[in-house]
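Working notes, structure below.
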Amino acid sequence: MNNAIKYTRQYFPAPATKAKWAQKNYIKEPPIWCSVDLRDGNQALIIPMSLEEKLDFFKLLVKIGFKEIEVGFPAASETEYKFLRTLIEEDLIPDDVTVQVLTQSREHIIKKTFESLKGAKNAIVHLYNSTSVAQREQVFKKSKQEIIDIAVEGAKLFNKYSEEMGVNYRYEYSPESFTGTEPEFALEICNAVLDVWKPTPEKKVIINLPVTVQVSMPHVYANQVEYMNDNLKYRENVIISLHPHNDRGCAVADSEMGLLAGGDRIEGTLFGNGERTGNADIVTLALNMFAQGVDPKLDFSNMPEVTELYERVTRMSVYDRTPYAGKLVFAAFSGSHQDAIAKGMKWREDHTCRYWTVPYLPIDPKDVGREYETDVIRINSQSGKGGIGYLLEHNFGYVLPPKMREVVGYTVKGYSDRSHKELSPTEVLEIFEKEYVGINTPVELVDYHFVRKSDSMKAIVTINHGGETYDISADGNGHLDAVSNAIKKQFDIDFTNLTYTEHALSVGSSSKAVTYVSITFDDGKTVWGAGVHDDIIASSICALMCAVNKKLSVN
């Protein structure tokens, strides 16, 4: 790519910092979360949400646990103004939830913004103006001092309209395009605004540091945040907010490193929806903390519900590989992965485990409303014996012997490979039953009974073969051995190493028994069969007949 030479670094590294954030290993407590889905997210949609859809989304955000929700730019759009008024007039804002509104530093816009909030119990009014070199030079054509004057004048107007309306709303200021601004200038303009607002412990001010366009690696942003954290005036009364966009695919990393560097608050969206490549994904951020043992104070325990509503009102889709929420993020197709997961789940069944440590699963899928049976083990041509065995056991109760599990695994994989598709649990069961259970051709078992002798058991078996019915008999050291000997004699075949395993298919007095039988023929080939019946003897004979029929049908 020969055009790389036309690009240069568009960011300004912070003056020397100690990078204290780099010595921290994890985020110890959740930030203040502010959803900007209804403003930043909505403006990025091809078809913005209707009033009814916005109301549904707002209610979902409240249910999840957001205490701060940016609801729009009420002075810029009649739709957004009406949405805010609907929330207030229909008393839809819980007392512990604060709505946030955005405004530019222009008097008529600020005035209308304050008017739109009439009757709101709790509100944050968010002032912004762009401060980057590119914006100053190319868009506004103003000096640094003129840009400061814009911000300061807006801050004074906030005080003016608050006093006139008798309200005590909280304030927020964003030097938009912070990451393209010289850190010293960003500090200067933020401090100038703070000098107007004079934050107190009772009325703290939010300074928002947006990654309006992502132009650097995440550690550069962390150093910029740390610089602001170390040098802002009134720091004990200032909440540092982070608002990363995702142009370089690093919004989550920017957010996490920024929190380590002194950030107190995150503005983001569900699943990262936003302009261009999107905003910081709050679902991922919150559940990353959850996976490290930190309660994020947001409830994503019913992720399917969250995903469904989000997709409905935004007309966006959650990608199948989206962390924690995608349809395939807990799915294992690889045989080795399935085997490790199955063994890990078995370990948890057999041990008292304080912590979640199942291989390949960073969190328990059930914690976000997903199911092991349908979400974790997924069967295709890459699957292995462990996953297929796990699925048959946990979905349908079949606990296959290890050697049979391997044979069944190859059989199921073969079906998937030939059909070029994933197999559902029901399809796997159908294949298992077709290939190993209830096989009654070419020999059909009609009836049987036994006569006990002093030192052996005699079996009299009625079979149907080739349209003829036969009564065959033989002695053996037990029921199954006697039937086995009768079959050998009738068809002049020989097999050895008969193995036998059985268990109850389900719990309860009406449970059926399932038996797995393997026999090895003189050509060295081992064949498996399974039988299911109310009676354990009957299930073992059915299993033997399935194995015999598999061999005879090949011959």
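Fair warning: this is a prediction, and the values are worked out from it, not measured in the lab.
- Remark: Glu427 pairs with Lys421, Ser424 by the side chain to side chain donor-acceptor pair (under 3.5 Å) rule, at least two apart or across chains.
- Listed by first then second residue, pairs satisfying side chain to side chain donor-acceptor pair (under 3.5 Å) with a partner in residues 461-474 read Thr462-Asp471, not counting sequence neighbours.
- Considering CG of Asp481 and CG of Leu498, their distance stands at 7.5 Å, rounded to 0.5 Å.
- Under a 4.0 Å N-O distance rule, the pair Glu267/Arg265 qualifies as a salt bridge.
- Between Lys63 and Glu305, at least one side-chain N (NZ, or NE/NH1/NH2) sits under 4.0 Å from a carboxylate O, which counts as a salt bridge.
- Within 6.0 Å of atom NZ in Lys403, 12 or fewer heavy atoms from other residues, nucleotides or ligands are found, so the atom counts as exposed in its surroundings.
- No side-chain heavy atom of Ile69 sits under 4.5 Å from any side-chain heavy atom of Cys34.
- Between Lys525 and Asp523 there is no salt bridge, since none of the side-chain N atoms of the basic residue sits less than 4.0 Å from a carboxylate O of the acidic one.
- Checking Thr496 against Thr520 by side-chain atom types alone, no donor-acceptor pair falls below 3.5 Å.
- A donor-acceptor pair shorter than 3.5 Å cannot be found between the side chains of Thr515 and Ser540.
- In this structure, OG1 on Thr79 lies 7.0 Å from NZ on Lys54, to the nearest 0.5 angstrom.
- A side-chain N or O of His243 and one of Asp40 form a donor-acceptor pair less than 3.5 Å apart.
- Close placement of the Phe432 and Tyr398 rings is indicated, their centers lying within 6.0 Å of each other.
- Contact check on Lys512 versus Asp534 returns a salt bridge, with a Lys/Arg side-chain nitrogen under 4.0 Å from an Asp/Glu carboxylate oxygen.
- Because its NZ or CZ atom is both nearer than 6.0 Å to the ring centre of Tyr436 and within 45° of the ring axis, Lys550 counts as a cation-pi partner of that residue.
- At least one side-chain heavy atom of Leu445 sits under 4.5 Å from a side-chain heavy atom of Val461.
- Taking 4.0 Å as the cut-off between side-chain N and carboxylate O, Lys346 and Asp350 count as a salt-bridged pair.
- With 3.5 Å as the limit, one finds a donor-acceptor pair spanning the side chains of Tyr415 and Glu435.
- Side-chain atoms of Asn246 and Thr277 include no donor-acceptor pair closer than 3.5 Å.
- Asp37 and Tyr310 share no side-chain donor-acceptor pair at under 3.5 Å.
- When the shell of 6.0 Å around CZ of Arg418 is examined, it contains more than 12 heavy atoms from other residues, nucleotides or ligands.
- Considering only heavy atoms from C-beta on, Trp356 stays 4.5 Å or farther from Pro362 through its side chain.
- A salt bridge links Arg312 to Asp56: one of the charged nitrogens lies within less than 4.0 Å of a carboxylate oxygen.
- Cation-pi geometry between Lys551 and Phe495 is not met: the NZ or CZ atom fails to fall both under 6.0 Å from the ring centre and inside 45° of the normal.
- Summarising the local packing, CG of Asn25 is surrounded by 12 or fewer heavy atoms from other residues, nucleotides or ligands at distances under 6.0 Å.
- At least one donor-acceptor pair closer than 3.5 Å links the side chain of Asn273 to the backbone N or O of Gly41.
- Looking at heavy atoms from C-beta onward, Asn549 lies in side-chain contact with Pro442 at the 4.5 angstrom threshold.
- Here His503 pairs with Tyr516 under the ring pair (Phe, Tyr, Trp, His ring centres under 6.0 Å) rule; sequence neighbours left out.
- With contacts defined as side-chain heavy-atom distances shorter than 4.5 Å, the pair Val294/Pro30 qualifies.
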